[in-house]
Amino acid sequence: MPKAKGKGRRQKYSYNLNRKRLYRSARRRAAPRIACSHIRHAWDPTKSVAQNLAEMGLAEDPNKAVPIPKKRLLGMEMESDGREQGKKIVRKPYVVNEMEYEASLPEKKSNTLSRDLIDYVRYMIQNHGENYKEMARDEKNYYQDTPKQIKRKINVYKNFYPEEYKEFIASLKQEKMDVQ
């Protein structure tokens with residue numbers, strides 16, 4: 001097949017274009033990306049990052065906010081005047097208060113097992129009990145898990161849903177008693 005016309009042509013370099021200035025101005029215009037909604041709403045784009053954070057009572061540099069105490073040499077005393085001079089007026093304390101409240105809320109457990117894995121584990125326990133070698137040879141073992149892998153999956157199920165597992169085992173024992 002023939003080549004597309006114009007593709008092999010060399011691109012011309014524009015010597016009159018100042019790329020440094022273009023790059024700098026684009027960087028200067030870009031606003032900082034703020035993940036926390038409380039900070040985003042209290043942010044003033046006309047002020048610098050340091051000024052905004054100081055107004056909210058947040059630290060720009062954690063090393064300056066909580067300084068590491070230097071070891072005192074014998075006979076020398078440290079001056080405490082430097083710490084008192086650095087205090088700034090907090091004009092937006094509600095930002096820190098909202099962030100502290102949000103951090104104090106208990107975290108919800110969001111990790112769960114897939115329905116397929118739960119059904120697989122229940123099927124294996126129901127048909128084979130604790131015999132992992134037999135489970136490995138079962139036709140429903142599509143992924144050809146080894147006995148150790150199956151045991152690990154069952155233990156994960158036990159850890160995620162301990163009450164449900166106990167109820168399931170109790171129902172299996174009840175079924176066996178009914179059959180006998």
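Sequential numbering from 1 along the given sequence is applied to the chain's residues.
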Trainee: Would you indicate whether Lys166, at its atom NZ, is surrounded by more than 12 heavy atoms from other residues, nucleotides or ligands within a distance under 6.0 Å?
Mentor: no
Trainee: Please round to the nearest 0.5 Å and tell me the distance separating atom OG1 of Thr112 and atom CG of Leu117.
Mentor: 10.5 Å
Trainee: Is it the case that the side chain of Asn52 and the backbone of Trp43 share a donor-acceptor pair, with hydrogens and angles ignored and the cut-off at 3.5 Å?
Mentor: no
Trainee: Could you check if a side-chain atom of Asp138 sits within less than 4.5 angstrom of a side-chain atom of Met124, using non-hydrogen atoms only?
Mentor: yes
Trainee: Roughly how far, to the nearest 0.5 Å, is CD1 of Ile125 from CG of Asn131?
Mentor: 12.5 Å
Trainee: Between OH of Tyr123 and CE of Met135, what distance do you get to the nearest 0.5 Å?
Mentor: 10.5 Å
Trainee: With a sphere of 6.0 Å drawn around CZ of Arg40, does it hold more than 12 non-hydrogen atoms of other residues, nucleotides or ligands?
Mentor: yes
Trainee: Check whether Gln149 reaches the backbone of Thr146 with its side chain - one donor and one acceptor, N or O, closer than 3.5 Å.
Mentor: yes
Trainee: Does a side-chain heavy-atom distance below 4.5 Å link Ile39 with Met56?
Mentor: yes
Trainee: Side chains of Gln126 and Phe168: closer than 4.5 Å at any heavy-atom pair?
Mentor: yes
Trainee: Hey, is NZ on Lys151 packed in by over 12 heavy atoms from elsewhere, all under 6.0 Å?
Mentor: no
Trainee: Does the pair Tyr165 and Glu167 meet the rule for a side chain to side chain donor-acceptor pair (under 3.5 Å), with working shown?
Mentor: CA-CA 5 Å; Tyr165 177 75; Glu167 291 172 11; over 6 Å; no
Trainee: Rounded to the nearest 0.5 Å, what's the gap from OG on Ser48 to CD on Glu60? Could you check?
Mentor: 7.5 Å
Trainee: Any non-hydrogen side-chain atom of Ile118 less than 4.5 Å from a side-chain atom of Glu164?
Mentor: yes
Trainee: Could you go step by step and tell me if Thr46 and Asp44 meet the side chain to side chain donor-acceptor pair (under 3.5 Å) rule?
Mentor: CA-CA 6 Å; Thr46 59; Asp44 186 3; 2.9 Å; yes
Trainee: Can a donor-acceptor pair be found, under 3.5 Å and without considering hydrogens, that links the side chain of Lys140 to the backbone of Tyr120?
Mentor: no
Trainee: Glu134 versus Asn127: any side-chain heavy-atom pair under 4.5 Å?
Mentor: no
Trainee: Identify the heavy atoms of Tyr94 and Ala42 that sit nearest to each other, and give their distance.
Mentor: OH-CB, 3.7 Å
Trainee: Closest approach of Lys153 and Val121, non-hydrogen atoms and distance?
Mentor: O-CG2, 4.0 Å
Trainee: Between Tyr157 and Arg122, what is the shortest heavy-atom contact and its length?
Mentor: OH-NE, 3.2 Å
Trainee: Got a second to check how far Leu58's CG is from Lys92's NZ, nearest 0.5 Å?
Mentor: 11.0 Å
Trainee: Please round to the nearest 0.5 Å and tell me the distance separating atom CG of Asp116 and atom OH of Tyr142.
Mentor: 10.5 Å
Trainee: Apply the test side chain to side chain contact (heavy atoms under 4.5 Å, CB included) to residues His38 and Glu102: give CA-CA distance (whole Å), side-chain angles for both, the deciding distance (0.1 Å), then the verdict.
Mentor: CA-CA 10 Å; His38 308 298; Glu102 199 173 286; 2.8 Å; yes
Trainee: For Met99, which of Asn97, Val95, Val96 qualifies under side chain to side chain contact (heavy atoms under 4.5 Å, CB included)?
Mentor: Val95
